[in-house]
Visitor: 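Below is one structure. I have some questions about it.
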Amino acid sequence: MNLNEYFSLVFSDYTLRTITLGTAILGVVCGMLGSFAVLRKQSLLGDAISHAALPGIAIAFLITGAKDSNTLLIGALVSGLIGTFWIKGITTKTHLKSDTALGLILSLFFGFGMLLLTFIQKQPNANQAGLDKYLFGQAATLVESDVWLMAIVTGLCLVVILLFWKEFKMLLFDPDYTKTLGFNTRIIDILITSFIVLAIVLGLQTVGVVLMSAMLLAPAAAARQWTNSLGTMVILAAFFGAFSGVFGTAISASQNNLSTGPVIVLVASVFVLFSFIFSPSRGLLFRHIRFIKNRRDLEQHKTLAFMYHIAKTHDTISHPHTIKILNNFQGFTRGTLQKLVKKNYVELDGNMWSLTEEGFKTASNLYNQQNNE
């Protein structure tokens, strides 16, 4: 199957439609909530929560003895919330920093989860568990009820974000000011964190424990490169996440032996790489172009200022000078002089140069600005 066949079948084939809608909705909710995680500098929180959810999945299976996706996700949600609040408790009650707390909880919960999975494999009903699929995800197991659950949670997240937009925004950029206005920052923080945990738990079945952190952060990191507005960032991150889900699913379906979750993450990573290079304000390419332009402008300003000091020693600014005078000046190059001629700042006659009236005024203004600074 190629990409054209995939997109022609996606509306008629139940499995393709379900997987595509599920990954698109997952990308939207991860993009929206990942924006808050990135701006709060809690990028590793997603990794810790996704790994902390694993023992909850295993314990839920041990209690019920059945592989019911809703029950397993409830166990993952409880386990993820416990891990999250343990992280916050460690950072507030001890002198340990957040990265240490994240590493501790991630290792502890993930190790405990792997231990439980090993124990489950030795049980009589282990053949119907299939819990190892939650490590790397298996989008093909999505059914219509899972998609509806994702859609309901995404709609709920959108409503909560719109209702508490002002509070979330203030907490992100100025927590102290939010406190002085009388808002309960603890409740707002718990609300944001709980929805982030919920989004991560929803994605475990599709992307898996190991890669869920990238799904949460990659669209937001890409969107951050394009804007300074929180609203625009959330919208862009949701779009990048949805497109990554749809296009990653299409690539996975059109090729043999390609897991959907890793492909989705790779597509999201392409968005990040493209944004890091080509975004106009923060991209590496345009930053390098601006650096080269600023360096050239500085060389022209330095050369023009040097010419200005020479011209001031004569009665007329149009007095010609030999280029040899500039040979020992560090900022001078033949290319710089030609650019000054094109700007009508300098007149060049053979090996003799002279400042034009416009060039003298520009150099005088630059000189006065430097002195004022």
Visitor: Main chain of Gly31, side chain of Ser35: is a donor-acceptor contact present, judged purely on distance under 3.5 Å?
Guide: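 Checking the backbone N and O of Gly31 against the side chain of Ser35, a donor-acceptor pair under 3.5 Å is found.
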Visitor: Between Ile59 and Ser79, is there a side-chain heavy-atom distance shorter than 4.5 Å?
Guide: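 Not in contact.
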Visitor: Atom CG in Leu102, atom CD1 in Ile49: separation rounded to 0.5 Å?
Guide: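 One finds 8.5 Å between CG of Leu102 and CD1 of Ile49.
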Visitor: Okay, side chain of Ser107, backbone of Leu104: is any donor-acceptor separation there less than 3.5 Å?
Guide: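 No: the side chain of Ser107 does not pair with the backbone of Leu104.
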Visitor: Given Thr23, which partner from the list Thr260, Thr18, Thr206, Thr249 fulfils the side-chain hydrogen bond (donor to acceptor under 3.5 Å, both in side chains) test?
Guide: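 Between Thr23 and the candidates, side-chain hydrogen bond (donor to acceptor under 3.5 Å, both in side chains) is satisfied uniquely by Thr249.
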Visitor: Does OH in Tyr177 sit with more than 12 non-hydrogen atoms of other residues, nucleotides or ligands closer than 6.0 Å?
Guide: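 Open.
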Visitor: Is it the case that atom CD in Glu357 sees more than 12 heavy atoms from other parts of the structure closer than 6.0 Å?
Guide: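 It does not: Glu357 CD has 12 such atoms or fewer within range.
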Visitor: Show me the donor-acceptor pairs, under 3.5 Å and distance only, between side chains in residues 338-353 and residues at least two apart or in other chains.
Guide:
| from | atom 1 | to | atom 2 | distance (Å) |
| --- | --- | --- | --- | --- |
| Lys343 | NZ | Gln300 | OE1 | 2.9 |
| Trp353 | NE1 | Thr322 | O | 3.4 |

Visitor: Would you indicate whether the side-chain heavy atoms of Phe240 and Trp226 approach each other to under 4.5 Å?
Guide: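 A side-chain contact under 4.5 Å exists here.
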Visitor: Determine whether more than 12 heavy atoms belonging to other residues, nucleotides or ligands lie under 6.0 Å from atom OH of Tyr14.
Guide: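 Yes - once you tally the heavy atoms of other residues, nucleotides and ligands closer than 6.0 Å, there are more than 12.
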Visitor: Please state whether the rings of Phe243 and Phe247 are parallel, tilted or perpendicular, taking 30° and 60° as the class boundaries.
Guide: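 Phe243 and Phe247: parallel rings.
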Visitor: Give a yes or no answer on whether the side chain of Ser279 reaches the backbone of Ser281 with a donor-acceptor pair at less than 3.5 Å.
Guide: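 Not a single qualifying donor-acceptor pair exists.
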Visitor: Would you call the rings of Tyr308 and Phe360 parallel, tilted or perpendicular, where under 30° means parallel and over 60° means perpendicular?
Guide: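 Geometry flag for Phe360 against Tyr308: tilted rings.
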Visitor: Please check if the number of heavy atoms outside Lys179 that lie under 6.0 Å from its NZ is greater than 12.
Guide: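 Atom NZ in Lys179 is not packed in, count stays at 12 or less.
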Visitor: Output a table of donor-acceptor pairs, distance under 3.5 Å, between side-chain atoms of residues 148-167 and any protein atom two or more places apart or on a different chain; print 'none' if there are none.
Guide:
| from | atom 1 | to | atom 2 | distance (Å) |
| --- | --- | --- | --- | --- |
| Thr154 | OG1 | Met150 | O | 2.7 |

Visitor: Could you give me the CA-CA distance, side-chain angles and deciding distance for Phe278 and Phe286, then say whether ring pair (Phe, Tyr, Trp, His ring centres under 6.0 Å) is met?
Guide: CA-CA 7 Å; Phe278 295 106; Phe286 289 97; 7.5 Å; no
Visitor: Tell me, do Phe109 and Ile82 make a side-chain contact under 4.5 Å, heavy atoms counted?
Guide: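 Answer yes - side chains close enough.
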Visitor: Take atom CZ of Phe183 as the centre, draw a 6.0 Å sphere, and report whether it contains more than 12 heavy atoms from other residues, nucleotides or ligands.
Guide: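 Result for CZ/Phe183: enclosed.
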Visitor: Please answer whether the main-chain N or O of Ile277 pairs with a side-chain N or O of Arg282 as donor and acceptor at a distance below 3.5 Å.
Guide: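 Looks like no, no N/O pair under 3.5 Å.
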Visitor: Determine whether more than 12 heavy atoms belonging to other residues, nucleotides or ligands lie under 6.0 Å from atom CZ of Arg296.
Guide: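 Open: at most 12 neighbouring heavy atoms sit under 6.0 Å from CZ of Arg296.
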